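Below: the structure, in structure tokens.
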Amino acid sequence: MTLNEYQAHALETAIYPEDSRIIYPTLGLTGEAGEVADKVKKVIRDANREFTPEKKREIMKEIGDVLWYCAALSHDLGYTLEEVAQTNVDKLSSRMERNLIHGNGDNR
């Protein structure tokens, strides 16, 4: 499945108020990213840092929720997931070529 095919499937279930476009998926994205972090934290706290296949699968499902919100937010902003991915690859490739992969700042 391509990223754009995934995005089309995700948008079939994107049911939220029209006047909350951009805002709703942004809030959902941060919530789901927090759930990913929480599951990882609990592996550190409760499972002696042992990422069992079951724990990895739980985390993977949460990453899927993050991806769903990325698909919805990208759409609300007028982009396909493939455009977002390609833009990110281009940005990182440029930073590597210019030896700026380390450091901080969005426009380096």
Side-chain angles (χ1 to χ4, degrees):
M1 167 184 313
T2 69
L3 287 172
N4 287 348
E5 289 170 340
Y6 171 81
Q7 187 174 30
H9 288 296
L11 292 173
E12 292 171 2
T13 60
I15 302 168
Y16 49 89
E18 183 69 33
D19 65 351
S20 294
R21 298 279 181 216
I22 300 173
I23 297 166
Y24 182 88
T26 299
L27 295 174
L29 176 60
T30 61
E32 293 299 337
E35 289 187 36
V36 171
D38 194 54
K39 290 202 179 292
V40 170
K41 176 200 75 176
K42 288 179 180 174
V43 169
I44 293 168
R45 183 191 70 194
D46 300 335
N48 199 31
R49 299 177 183 241
E50 183 181 346
F51 288 89
T52 64
E54 295 81 18
K55 294 295 182 189
K56 287 179 180 181
R57 183 154 178 81
E58 288 178 23
I59 295 165
M60 181 267 294
K61 288 180 182 179
E62 296 299 340
I63 293 169
D65 292 339
V66 168
L67 185 58
W68 187 96
Y69 281 105
C70 286
L73 178 56
S74 297
H75 175 265
D76 287 356
L77 292 170
Y79 299 102
T80 67
L81 272 180
E82 289 180 8
E83 288 174 309
V84 172
Q86 187 62 59
T87 299
N88 186 254
V89 166
D90 294 345
K91 174 183 78 175
L92 295 174
S93 294
S94 172
R95 287 180 182 173
M96 282 292 285
E97 290 170 8
R98 295 177 292 119
N99 199 27
L100 293 174
I101 200 72
H102 298 286
N104 56 38
D106 290 337
N107 297 308
R108 53 189 146 108

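As a basis for the values below, the full set of heavy atoms in this structure was taken, side chains included, without hydrogen atoms, waters or symmetry mates. Here the structure is a predicted model, which means the values were calculated and not measured.
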*Could you tell me whether the side chain of Asp76 and the main chain of Arg21 form a donor-acceptor pair under 3.5 Å?*
no
_Heavy atoms from other residues, nucleotides or ligands near CG of Asn88 exceed 12 (cutoff 6.0 Å)_ = yes
*Verify the neighbour count for atom CZ of Phe51: are there more than 12 heavy atoms of other residues, nucleotides or ligands below 6.0 Å?*
yes
*Can you find a heavy atom in the side chain of Leu3 that is under 4.5 Å from one in the side chain of Thr80?*
no
*To the nearest 0.5 Å, what is the distance between CG (Asn4) and NE2 (His9)?*
11.5 Å
What side-chain donor-acceptor pairs closer than 3.5 Å can you find for residues 58-67, not counting sequence neighbours?
none

*Just how far is it from atom SG of Cys70 to atom NE2 of His75, taken to the nearest 0.5 Å?*
15.0 Å
*Hey, can you tell me if Tyr24 and Tyr69 have their rings parallel, tilted or perpendicular (30° and 60° cut-offs)?*
tilted
*Answer yes or no: is there a donor N or O on one side and an acceptor on the other, between the side chain of Ser74 and the main chain of Ala71, under 3.5 Å?*
no
*Not counting sequence neighbours, which residues clear salt bridge (Lys or Arg N to Asp or Glu O under 4.0 Å) with Lys41? List them please.*
Asp38
*In Å and rounded to the nearest 0.5 Å, what is the CG to CZ distance from Asn48 to Arg45?*
13.5 Å
*Which pair of non-hydrogen atoms, one from Thr26 and one from Ile22, has the smallest distance, and what is that distance?*
OG1-O, 2.6 Å
*Partners of Thr52 by side chain to side chain contact (heavy atoms under 4.5 Å, CB included), sequence neighbours excluded?*
Glu50, Glu54, Lys55
*Would you say Gln7 and Leu11 make side-chain contact, with heavy atoms under 4.5 Å?*
yes
*asked:* List the residues meeting side chain to side chain contact (heavy atoms under 4.5 Å, CB included) with Ile101, not counting sequence neighbours, and say none if there are none.
replied: Leu92, Arg95, Met96
*asked:* Run the side chain to side chain contact (heavy atoms under 4.5 Å, CB included) test against Arg49 and tell me which residues pass, sequence neighbours left out.
replied: Ile44
*Nearest non-hydrogen partners of Pro25 and Ser20, listed with the distance*: CD-O, 4.0 Å
*With sequence neighbours excluded, what pairs up with Asp90 under the side chain to side chain donor-acceptor pair (under 3.5 Å) test?*
Gln86
*Decide whether Trp68 and Leu27 are clustered together by the hydrophobic rule: side chain heavy atoms of Ile, Leu, Val, Met, Phe, Trp, Tyr closer than 4.5 Å, transitively.*
no
_Whether over 12 other heavy atoms sit under 6.0 Å from Arg98 CZ_ = yes
*Under a 4.5 Å side-chain heavy-atom rule over Ile, Leu, Val, Met, Phe, Trp and Tyr, are Val84 and Met1 clustered together?*
yes
